[in-house]
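These notes are about the structure you will find just below.
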Amino acid sequence: MQAPAIQAVIFDMDGILIDSEPVWQQAEFQVLHSLGMSVSREAIALTTGLRIDQVVDFWLQRFPEVKVDPQYIADQIIAAVIAYIRRDGKPMRGVVEALSACRSRGLKVGLATSSSWDIIDAVLGKLAITEAFDAIQSAQDFPLGKPHPEVYLSCAAKLALAPSRCLAVEDSFNGLIAARAANMQTLIVPAAEQRQDPRWAAAHYQGDSLEALPALLDTL
């Protein structure tokens, strides 16, 4: 019998499994402003999907007059995000159903995120879904985060599958670039206010929420 085209689904985390992107942006906004960096919320959206050190470097390049330890900035942002997750974190719509759909179809399940391991632990613990994943990979382990594809390539390797056998589920353009560069099929699930962004044409599929995943899997 011919093997199915897709043998695994690899999920991004922030904005896909948990509604944390607004929290990331708020934490980033508050910390940067407290340090004298006058950034707009629209500009902060440009860093969605980037690893925290890349986010900090992005802003320090634009505000060279700010002489603050980059690690301090990163730690402040991460601490604010983790505090929110542990207190108020909630799954995105369709998460439980999407994970169940993968299992019922015999697919492996992976997680490939720009977030650090401590945030991964906070999210998966809060949502009680750690056991749902066959492989988990943080871009923290590599020299470069998304949009570099290494986090996706590593997750596929942990699953013992060719990247072309994997469907990546993303919400950001940086993540989408990473998944496409890894030669994966892609499902983009952008925030409601970003659904009309023409850049999503780079994705193979687009959905309004993870509720779109089960029906899509039946076509692959």
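Because the structure is predicted, anything quoted here is derived from the model rather than measured.
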Below 4.5 Å, heavy atoms only, C-beta onward: do Gln137 and Tyr152 meet side chain to side chain? no
Partners passing salt bridge (charged side-chain N to carboxylate O under 4.0 Å, His left out) against Arg105 (at least two apart in sequence or in another chain): Asp218
If the condition is side chain to side chain donor-acceptor pair (under 3.5 Å), which residues does Arg41 pass it with, not counting sequence neighbours? Gln26
Could you give all pairs that pass the side chain to side chain donor-acceptor pair (under 3.5 Å) test and reach residues 119-130, with sequence neighbours left out? none
Salt bridge (Lys or Arg N to Asp or Glu O under 4.0 Å) contacts touching residues 78-99 (sequence neighbours left out): Arg93-Glu211
Those residues that, when tested against Asp14, pass salt bridge (charged side-chain N to carboxylate O under 4.0 Å, His left out) (two or more places apart): none
Got a salt bridge between Asp12 and Lys146, using NZ or NE/NH1/NH2 to carboxylate O under 4.0 Å? yes
Could I get the full list of salt bridge (charged side-chain N to carboxylate O under 4.0 Å, His left out) partners for Asp53, not counting sequence neighbours? Arg51
Scan for ring pair (Phe, Tyr, Trp, His ring centres under 6.0 Å) pairs involving residues 18-43, sequence neighbours excluded, and state none if there are none. Phe29-His33
Suppose we screen for salt bridge (charged side-chain N to carboxylate O under 4.0 Å, His left out). Which residues come up paired with Asp208, at least two apart in sequence or across chains? Arg195
Any donor-acceptor N/O pair, Arg180 side chain to Ala202 backbone, under 3.5 Å: yes
Tell me every residue that passes side-chain contact (heavy atoms from CB on, under 4.5 Å) with Ala160, counting only those two or more places apart in sequence or in another chain. Lys108
With sequence neighbours left out, which residue pairs that include part of residues 164-214 fulfil the ring pair (Phe, Tyr, Trp, His ring centres under 6.0 Å) condition? none
Output every pair passing side chain to side chain donor-acceptor pair (under 3.5 Å) with a member in residues 64-77, not counting sequence neighbours, ordered by first then second residue. Gln71-Asp75
Test: ring pair (Phe, Tyr, Trp, His ring centres under 6.0 Å). Region: residues 39-63. Which pairs qualify, not counting sequence neighbours? none
